[in-house]
Amino acid sequence: MKTIKRYLSVWFRLGTYATESALLTRSSALTLLIGKFLRFGILISFFLVVLSGGNTLAGYTQTQILLFFMTFSLIDNLTQFLMREVYRFRGYVISGSLDFILLKPFSALFRSLFGGVDILDLPLSIVSGAAVVWLLPQVMSDPLLIIGYVLLICAGLCLATALHICVLSCGLLILEVENLILIYRDLTNMARIPISAYADPLRTILTYVIPIGIMMSFPVEFILGVLSVEYIPFVLLWCVACLIAAQRLWKYALSRYTSAA
Amino acid sequence: MYRQFFINTFVEMFTYRAHFLLWRLRSIIAFLAVFFMWNALFMQREAIAGFTKPEMFTYVILGAFLSMVIFSAKSGVIADEIKDGTLSVYLMRPVGYFRSWFMRDAADKLFNIGASILELSVIIYLLAPPMSLSTDGVYLLLTMLSICVAIVMFFVLQIAVAMAAFWLVETWPIRFVYIVLIQFFAGVMFPLSIFPGILGAILQYTPFAYLVYIPVMIYLGKYDILQSIVQIAIGILWCIVIWIGAHILWKKGLRLYSAVGR
């Protein structure tokens, strides 16, 4: 408990610094925020237009597709809000600043993952969350399903964490972070629509190999009754396995770090 | 002399092969996302916004090819060069700064044309989508002309946006909004005519529409010959207006430029 408190305190302090830095140039922060909301608004408009008049996408109605998109947006924005520091990791490795992080009396992995929240992703997370709360009653048959939905969202965030740890490990091993994180973003963007819209083998890859489908689509599929409750333990086990594997990869990568910078 | 910029960029791209391959992978992922979205949308429909399934797949594939080629450019770093003072080095050289960047962009595009054709051919072979191919020589010529306009349009837009670096502390936010605008209003993800009413009409006349949307619409024969010529003329006019604007900003910016960082 004491350790968790200490880590929360460190996270809050680092988050405050990152927020102060992000809001230093107010006009820049506002412009970035406008860009994020513009992208969000255009995509919603597109789905509204293209699915108007009772049209469907992969068998899902307009409201259901909007729930898929909002769930994607919620997980995606929360991930970026919490783990923006990963985008700066390469700079720490090539400049040698990582050595200072390693010397600190707390986990270097924690610092590299959660050391710099991005406050500019929080407004969209809140808007997406509010939209999810508004859309859920319109599509679900049983209020108890929300428990499974929330569990699967948490599982999605855990999988996102595991994938970010893998990216950090690659940063240590091959000094490549930017392109990998952008590929991760491109892949997650595929989950703006249900993963079932993709043909095999792409659908299988996106579900089990790079578990974007489990992260983003499974929560909504569960709410809609497409995914049965038996899948939840499997998803949770898969999450634990991915987190353990990612942590091992990080430890291995760290053992290869030579501090050559 | 400018040929050397072209050759150097070409050699540079062979040097950073991993970076290039990851960029290509990103382009393929983006294409597959759009392709399968439209595939799913056409499962229960014959036409969407006036596009049949073969027309839409042709739109998506040609749009993807054009975006891979037109948006491949090195000139995105001009703003950084202004901000970190690297521009000073170029100002002292007896070369035109923008002309040299145009040559670098041309090399980048040539490299990407080859890669895009190869990748899309494999994808088309594997997915075998129904397509609506045009064989009309006049339309093919007009499409080629509109693609040339698109290449120049993207270059002048890149320069115009980069000029913000003379005045702003941070250029990334402006660039981010510009990327979002291009991402959607160039028409790569969806045809702009899908939006109804005045919004759809306005979107079809922004400079972004001339990057992908207009060339593909001309290819598909959605405009008659006269309309196509008018669209190309409007595109050229946009290029001239943006170029004049960028040039004025460049002149004013150079007066402010203090080579900070060098």
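Each chain gets a letter, A, B and so on, in the order its sequence line appears, and its residues count up from 1.
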**Request:** Identify which part of I174(A) has an atom lying under 4.5 Å from any heavy atom of chain B, answering side chain, backbone, both or neither.
**Result:** neither
**Prompt:** For M43(B), is it the side chain, the backbone, both, or neither that has a heavy atom closer than 4.5 Å to a heavy atom of chain A?
**Reply:** side chain
**Message:** Looking at I198(B), I'd like to know if its CD1 atom is crowded, meaning that more than 12 non-hydrogen atoms belonging to other residues, nucleotides or ligands lie closer than 6.0 Å.
**Reply:** no
**Fill in**
When rounded to the nearest 0.5 Å, the distance separating CZ of F36(B) from CE of M190(A) is 7.5 Å
**Request:** Could you have a look at G35(A), P194(A), A191(A) and say which one has the most heavy-atom pairs with chain B under 4.5 angstrom?
**Result:** G35(A)
**Contacting region of L41(B) [heavy-atom separation from chain A under 4.5 Å]** = both
**Fill in**
If one checks every heavy atom of R26(B) against chain A at 4.5 Å, the contacting part turns out to be both
**Request:** Give, as side chain, backbone, both or neither, the part of I193(A) having an atom under 4.5 angstrom from any heavy atom of chain B.
**Result:** side chain
**Asked** Between atom CD1 of I174(B) and atom OG1 of T31(A), what is the distance when rounded to the nearest 0.5 Å?
**Response** 5.5 Å
**Prompt:** Given a strict heavy-atom distance threshold of 4.5 Å, which part of S27(A) is in contact with chain B: side chain, backbone, both, or neither?
**Reply:** neither
**Message:** Between N189(A) and chain B, with a heavy-atom cut-off of 4.5 Å, which part of the residue counts as in contact: side chain, backbone, both or neither?
**Reply:** neither
**Asked** More than 12 foreign heavy atoms under 6.0 Å from CH2 of W238(A): is that the case here?
**Response** no
**Request:** Look at the rings of W38(B) and F46(A) and say which category their plane angle falls in: under 30° parallel, 30 to 60° tilted, over 60° perpendicular.
**Result:** perpendicular
**Asked** Rounded to the nearest 0.5 Å, how far apart are CG of D186(A) and CD1 of I28(B)?
**Response** 11.5 Å
**Request:** Kindly compute the distance separating OH (Y184(A)) from CD1 (I29(B)), expressed to the nearest 0.5 Å.
**Result:** 13.0 Å
**Prompt:** Can you name the closest pair of heavy atoms from Y198(A) and L32(B) and give their distance?
**Reply:** CE2-O, 4.0 Å
**Complete:** Among residues 71-83 of chain A, those lying within the under-4.5 Å heavy-atom range of chain B are none
**Request:** Find the distance between CD1 (I183(A)) and CG (L22(B)) and round it off to the nearest 0.5 Å.
**Result:** 4.5 Å
**Request:** For residues L38(A) and F176(B), determine if any side-chain heavy atom of one lies less than 4.5 Å from a side-chain heavy atom of the other.
**Result:** no
**Request:** Return the option, out of K36(A), R39(A), R192(A), with the maximum number of heavy-atom pairs under 4.5 Å with chain B.
**Result:** R39(A)
**Reported CZ-to-OG1 distance for the pair R45(B) and T56(A), which is rounded to 0.5 angstrom** = 7.0 Å
**Item:** F35(B) versus chain A, the contacting section by heavy-atom distance below 4.5 Å
**Value:** neither
**Item:** Close side-chain approach of F190(B) and V50(A), heavy atoms under 4.5 Å
**Value:** no
**Prompt:** Is it true that atom OH of Y205(B) has more than 12 heavy atoms of other residues, nucleotides or ligands lying nearer than 6.0 Å?
**Reply:** no
**Message:** Counting heavy-atom pairs under 4.5 Å with chain B, which one of I42(A), L33(A), V49(A) comes out on top?
**Reply:** I42(A)
**Message:** Does any part of the side chain of M189(B), heavy atoms only, come nearer than 4.5 Å to the side chain of L43(A), both counted from C-beta?
**Reply:** yes
